[in-house]
Amino acid sequence: IVHYQPELARDLTKAIESTSLVYEAHSTDYQTAEAYKALVRDHFAILKVGPALTFALREAMFALAMIENTLVAPGKRSELVSVIDSVMQDEPGYWKNYYSTLHSKAMIDLHFSLSDRLRYYWPHPTINSAVNTLFANLEKVSLPLGVVSQYFPEQFQRINAKQIPLTPKNLVLFRIQDVLRLYAFGCDPQ
């Protein structure tokens with residue numbers, strides 16, 4: 001992560017002011033809300049996001065998998081994380097040049113890397129099937145508030161305050177919206 005430092009971009013900011021071109025700040029993932037505001041102030045009209053959104057998706061899906069492990073009998077679980085591991089290890093094309101060759105470190109990267117190479121695997125039919133099973137399983141059970149709060153504490157507070165239905169889909173959407181809120185803050189002219 002390279003945090004935006006406005007003082008290092010002064011010359012570029014001045015150059016942007018003298019042109020009619022639109023500039024993109026590439027790879028703005030994982031910045032602070034104030035950094036997004038500074039990027040917009042410094043005339044970067046496009047704030048490109050990528051891994052931060054899919055990282056939030058991965059966090060939410062792994063949290064749902066933990067909830068599923070708590071609430072669903074072993075033989076009926078999606079085994080989402082194991083499915084992901086199998087697919088990514090069998091088909092390493094999207095990550096092998098980015099992660100460690102040491103197996104134990106690669107496994108940590110596969111699950112938790114901020115560059116989120118898992119983003120390329122979500123459409124895989126085997127993973128997609130496990131995701132569908134996960135959602136189907138969790139839609140059949142009542143989600144205890146304490147369990148949801150354990151794995152989705154911030155989202156739980158917002159969902160509870162707004163009286164939005166506590167569903168697996170809403171939990172995922174709220175986790176992703178947390179990232180989008182930072183961008184929205186940066187783009188707010190006030």
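Keep in mind that the numbers below use all heavy atoms, side chains included, and drop hydrogens, waters and symmetry copies. Counting from 1, the numbers follow the sequence of the chain as shown.
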_Taking atom CE as the centre, does Met66 end up with more than 12 heavy-atom neighbours from other residues, nucleotides or ligands that are less than 6.0 angstrom away?_
no
*When rounded to the nearest 0.5 angstrom, what is the spacing between CZ in Arg77 and CG in Leu71?*
9.5 Å
*Looking at side-chain heavy atoms only, is the closest gap between Pro165 and Asn170 below 4.5 Å?*
yes
*Enumerate the residue pairs fulfilling side-chain hydrogen bond (donor to acceptor under 3.5 Å, both in side chains) with a member in residues 14-26, sequence neighbours excluded, ordered by first and then second residue.*
Glu17-His43, Glu24-His26
*Begin from the C-alpha positions of Asn69 and Val72 and carry the test side-chain contact (heavy atoms from CB on, under 4.5 Å) through to its verdict.*
CA-CA 6 Å; Asn69 287 345; Val72 176; over 6 Å; no
*Just how far is it from atom CG of Leu118 to atom CD1 of Ile84, taken to the nearest 0.5 Å?*
5.0 Å
*What closest approach, in Å, do Leu57 and Val172 show between heavy atoms, and which atom pair accounts for it?*
CD1-CG1, 3.7 Å
_Minimum heavy-atom separation for Ala60 and Phe152, please, with both atom names._
O-CZ, 3.5 Å
*Closest heavy-atom contact between Ile127 and Leu80?*
O-CD1, 4.2 Å
_Rounded distance (nearest 0.5 Å) linking atom NZ of Lys37 with atom CD of Glu34_ = 9.0 Å
*Members besides Ile1 in its Ile/Leu/Val/Met/Phe/Trp/Tyr cluster (side-chain heavy atoms under 4.5 Å)*: Tyr30, Phe55, Leu114
*Treating Ile, Leu, Val, Met, Phe, Trp and Tyr as nodes and any side-chain heavy-atom pair under 4.5 angstrom as an edge, say whether Leu21 and Ile16 lie in one connected cluster.*
yes
_Counterpart residues, side-chain hydrogen bond (donor to acceptor under 3.5 Å, both in side chains), relative to Asp188 (two or more places apart)_ = none
*Restricting to pairs with a member in residues 133-153, which pass side-chain hydrogen bond (donor to acceptor under 3.5 Å, both in side chains), not counting sequence neighbours?*
Glu68-Asn137
*For Leu110 and Tyr99, run side-chain contact (heavy atoms from CB on, under 4.5 Å): C-alpha distance rounded to whole Å, both residues' side-chain angles, the deciding distance at 0.1 Å, then the answer.*
CA-CA 8 Å; Leu110 288 173; Tyr99 295 161; 3.9 Å; yes
*Cluster link Val131 to Leu173, ILVMFWY, side chain under 4.5 Å*: no
Could you pull out every donor-acceptor pair under 3.5 Å between side chains of residues 44-54 and any protein atom, sequence neighbours left out?
residue: Thr54; atom: OG1; partner: Pro51; partner atom: O; Å: 3.3
residue: Thr54; atom: OG1; partner: Asp116; partner atom: OD2; Å: 2.3

*Can you list the residues that meet the salt bridge (charged side-chain N to carboxylate O under 4.0 Å, His left out) rule with Lys96, with sequence neighbours excluded?*
none
*Summary of salt bridge (Lys or Arg N to Asp or Glu O under 4.0 Å) pairs that have at least one residue in residues 170-185, sequence neighbours excluded*: Glu59-Arg175, Arg158-Asp178, Asp178-Arg181
_For residues Val40 and Phe185: do they belong to one hydrophobic cluster (side chain heavy atoms under 4.5 Å, members Ile, Leu, Val, Met, Phe, Trp, Tyr)?_
no
_Show every side-chain hydrogen bond (donor to acceptor under 3.5 Å, both in side chains) that has at least one partner inside residues 79-94, sequence neighbours left out._
Asp85-His111, Glu91-His124
_side-chain hydrogen bond (donor to acceptor under 3.5 Å, both in side chains) against Asp109, all qualifying residues, sequence neighbours excluded_ = Lys105
*Donor-acceptor under 3.5 Å (Asp42 side chain, Thr13 main chain)*: no
*Name all pairs fulfilling the ring-ring contact (aromatic ring centres under 6.0 Å, His included) condition that reach into residues 125-150, sequence neighbours left out, sorted by first residue then second.*
none
_ring pair (Phe, Tyr, Trp, His ring centres under 6.0 Å) partners of Tyr183, counting only residues at least two apart_ = Tyr36
_Closest approach of Val83 to Ser78 (non-hydrogen atoms, all atoms of both residues)_ = CG2-O, 3.8 Å
*Is the NZ or CZ atom of Arg117 both under 6.0 Å from the centre of the six-membered ring of Tyr120 and within 45° of that ring's axis?*
no
_Close side-chain approach of Leu166 and Leu171, heavy atoms under 4.5 Å_ = yes
*asked:* Please find the pair of heavy atoms, one from Ala33 and one from Leu182, that lie closest to each other, and give the distance.
replied: CB-CD2, 3.8 Å
*Run through the side-chain heavy atoms of Ile, Leu, Val, Met, Phe, Trp and Tyr, join any pair under 4.5 Å, and report what else lands in Phe112's cluster.*
Ile108
*Taking all heavy atoms of Pro123 and all of Asn128, pick out the closest pair and write down the distance.*
O-CB, 4.4 Å
